[in-house]
A.B. asks: 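Could you have a look at this structure, given as structure tokens, before my questions?
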Amino acid sequence: MPTILPTMQNAYLLIGSNLGNKEEQLSTAVHYIQQECGRIVKQSAFYETAPWGYTDQPSFINQALWIQTELSPEDLMQSLLNIEAKMGRIRTIKLGPRIIDLDILQIDQEIMETTLLHIPHPAMTERRFALAPLAEIAPDLLHPVTQKTATELLIACTDNSDVQKKLA
């Protein structure tokens, strides 16, 4: 039984795909997130991004989502993992190709570390593919550890991998 919180929380997610029809995968994930996790307040454009870490794979399409949820952070993460499984994600190679990847970047000003979840996402400040779409939808969102906005983190990011906003 999920833990329902007495108030809504703002959660910032990064979704991505680099297999199959990437845009369709993201649209399907958005549909499931809206059904199972909470109300989508804002979503970024699609960003075509070079693979990060394990580079011998197709490019990704990524998108940031701002949702309001009553789920606890752990229940939100479990719901996202369930959506990944429902969509056919199979974990084989760490940072490898995937049909869908759903990550929590940040939840309000929470800081937590459990076996299932680290909030804020520990690598988000080092990844342009996460910061560019996040800064688009929440430019003034303050990172709870660095106390810098998403825009400031993007400007300071030393990751020079290719991240291109896709035009509609």
A.B. asks: Look up atom OG1 in Thr114 and atom CE in Met77, then write down how far apart they are to the nearest 0.5 Å.
C.D. replies: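 Taking OG1 in Thr114 and CE in Met77, the distance rounds to 10.0 Å.
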A.B. asks: How long is the gap from CD on Glu70 to CG on Leu76, to the nearest 0.5 Å?
C.D. replies: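 Between atom CD of Glu70 and atom CG of Leu76 there are 12.5 Å.
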A.B. asks: Checking Leu14 against Leu102 for the side-chain contact (heavy atoms from CB on, under 4.5 Å) test, could you report, in this order, the C-alpha distance in whole Å, the side-chain angles of both residues, the deciding distance, and whether it holds?
C.D. replies: CA-CA 6 Å; Leu14 184 70; Leu102 306 176; over 6 Å; no
A.B. asks: With the threshold set at 4.0 Å, does a side-chain nitrogen-carboxylate oxygen contact exist between Glu84 and Arg98?
C.D. replies: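 Here Glu84 does not pair with Arg98 in a salt bridge, since their nearest N and O are not under 4.0 Å apart.
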A.B. asks: Treating Ile, Leu, Val, Met, Phe, Trp and Tyr as nodes and any side-chain heavy-atom pair under 4.5 angstrom as an edge, say whether Val30 and Ile83 lie in one connected cluster.
C.D. replies: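 Linked, Val30 and Ile83 end up in one cluster.
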A.B. asks: Listed by chain and number, what are the side-chain hydrogen bond (donor to acceptor under 3.5 Å, both in side chains) partners of Ser161, not counting sequence neighbours?
C.D. replies: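 Applying side-chain hydrogen bond (donor to acceptor under 3.5 Å, both in side chains) to Ser161 gives Asp159.
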A.B. asks: Less than 4.5 Å apart, any side-chain heavy atom of Pro144 and any of Glu110?
C.D. replies: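 A side-chain contact under 4.5 Å is absent here.
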A.B. asks: Are side-chain heavy atoms of Met87 and Thr28 found at a separation under 4.5 Å?
C.D. replies: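 The answer is yes; the side chains approach within 4.5 Å.
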A.B. asks: Flag yes if Leu142 and Ile104 sit in one hydrophobic cluster, no otherwise; membership is Ile, Leu, Val, Met, Phe, Trp, Tyr, and two members link when side-chain heavy atoms are under 4.5 Å apart.
C.D. replies: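 Not linked; separate clusters.
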A.B. asks: With no hydrogens and no angle check, do the side chains of Thr49 and Asn62 hold a donor and an acceptor under 3.5 Å apart?
C.D. replies: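 Present: a donor and an acceptor within the cut-off.
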A.B. asks: Please answer whether the main-chain N or O of Asp162 pairs with a side-chain N or O of Arg128 as donor and acceptor at a distance below 3.5 Å.
C.D. replies: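 Looks like no, no N/O pair under 3.5 Å.
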A.B. asks: Glu23 vs Phe46, test: side-chain contact (heavy atoms from CB on, under 4.5 Å). Steps then yes/no.
C.D. replies: CA-CA 8 Å; Glu23 289 91 348; Phe46 290 148; 3.5 Å; yes
A.B. asks: If you look at every heavy atom in Cys157 and Leu131, which pair is closest and at what distance?
C.D. replies: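 Cys157 and Leu131 have their closest heavy atoms at CB-CD1, 3.9 Å.
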A.B. asks: Return all side-chain donor-acceptor pairs below 3.5 angstrom for residues 35-44, not counting sequence neighbours, or 'none' if the list is empty.
C.D. replies:
unit_1 : atom_1 : unit_2 : atom_2 : d
Glu36  : OE2    : Lys86  : NZ     : 2.5
Arg39  : NH2    : Gln68  : OE1    : 2.9
Ser44  : OG     : Ala64  : N      : 2.9

A.B. asks: Calculate, to the nearest 0.5 Å, the distance between atoms CE and CG belonging to Met124 and Leu134 respectively.
C.D. replies: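 Spacing of CE (Met124) from CG (Leu134) equals 5.0 Å.
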A.B. asks: Return the minimal non-hydrogen interatomic distance between Ala132 and Tyr47, and the atom names on each side.
C.D. replies: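 Ala132 and Tyr47 have their closest heavy atoms at O-OH, 3.7 Å.
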A.B. asks: Is the backbone N or O of Thr146 less than 3.5 Å from a side-chain atom of His143, with the two atoms forming a donor-acceptor pair by type?
C.D. replies: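 Confirmed, His143 side chain pairs with Thr146 backbone.
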A.B. asks: Looking only at heavy atoms, which two atoms of Leu71 and Ser79 are closest? And how far apart?
C.D. replies: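 Distance-wise, the nearest heavy atoms are CD1-OG, 3.8 Å.
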A.B. asks: After noting the C-alpha distance and the side-chain angles of Ile61 and Ser17, does the key distance pass the side-chain contact (heavy atoms from CB on, under 4.5 Å) rule?
C.D. replies: CA-CA 6 Å; Ile61 299 293; Ser17 175; 5.7 Å; no
A.B. asks: Kindly compute the distance separating CG (Leu65) from CD1 (Ile15), expressed to the nearest 0.5 Å.
C.D. replies: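 One finds 4.5 Å between CG of Leu65 and CD1 of Ile15.
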A.B. asks: Does any donor atom in the side chain of Asp75 or Ser72 lie under 3.5 Å from an acceptor atom in the other side chain?
C.D. replies: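 Yes, a side-chain donor-acceptor pair sits under 3.5 Å.
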A.B. asks: Are Tyr32 and Leu19 linked, directly or through other ILVMFWY residues, by side chains that come within less than 4.5 angstrom of each other?
C.D. replies: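 They do not share one cluster, since no chain of ILVMFWY contacts under 4.5 Å joins Tyr32 to Leu19.
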A.B. asks: Which distance, rounded to the nearest 0.5 Å, do you find between the OH of Tyr12 and the CG of Leu105?
C.D. replies: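 So the OH of Tyr12 and the CG of Leu105 are separated by 11.0 Å.
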A.B. asks: Side-chain heavy atoms nearer than 4.5 Å, only ILVMFWY residues, links allowed to pass through others: does that put Ile107 and Met112 together?
C.D. replies: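 Linked within one cluster.
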A.B. asks: Could you check whether Asn21 and Gln25, counting side-chain N and O atoms only, form a donor-acceptor pair closer than 3.5 Å?
C.D. replies: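 Side chains of Gln25 and Asn21: no pair found under 3.5 Å.
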A.B. asks: Check for a donor-acceptor pair, side chain of Thr69 on one end and backbone N or O of Gln9 on the other, with a separation under 3.5 Å.
C.D. replies: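 Judged by distance alone, no pair lies under 3.5 Å.
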A.B. asks: Is Gln34 atom CD crowded by more than 12 heavy atoms from other residues, nucleotides or ligands, each under 6.0 Å away?
C.D. replies: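 Correct, the count exceeds 12.
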A.B. asks: Nearest 0.5 Å, what's the CG-CE distance between Asp108 and Met8?
C.D. replies: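 The distance works out to 11.5 Å.
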A.B. asks: Heavy-atom distance under 4.5 Å between the side chains of Val145 and Ile111, does that happen here?
C.D. replies: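 Side chain of Val145 against side chain of Ile111, heavy atoms only: contact under 4.5 Å found.
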A.B. asks: Do Glu48 and Lys165 touch side chain to side chain, with heavy atoms closer than 4.5 Å?
C.D. replies: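 The answer is no, as the side chains (C-beta and beyond) never meet within the 4.5 Å cut-off.
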A.B. asks: Taking Leu81 as the starting point, is it possible to reach Ile67 by hopping between hydrophobic residues whose side chains are less than 4.5 Å apart?
C.D. replies: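 Hydrophobic grouping puts Ile67 with Leu81.
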A.B. asks: When you measure from the side chain of Lys22 to the backbone N and O of Ser59, does any donor-acceptor pair fall under 3.5 Å?
C.D. replies: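 Present.
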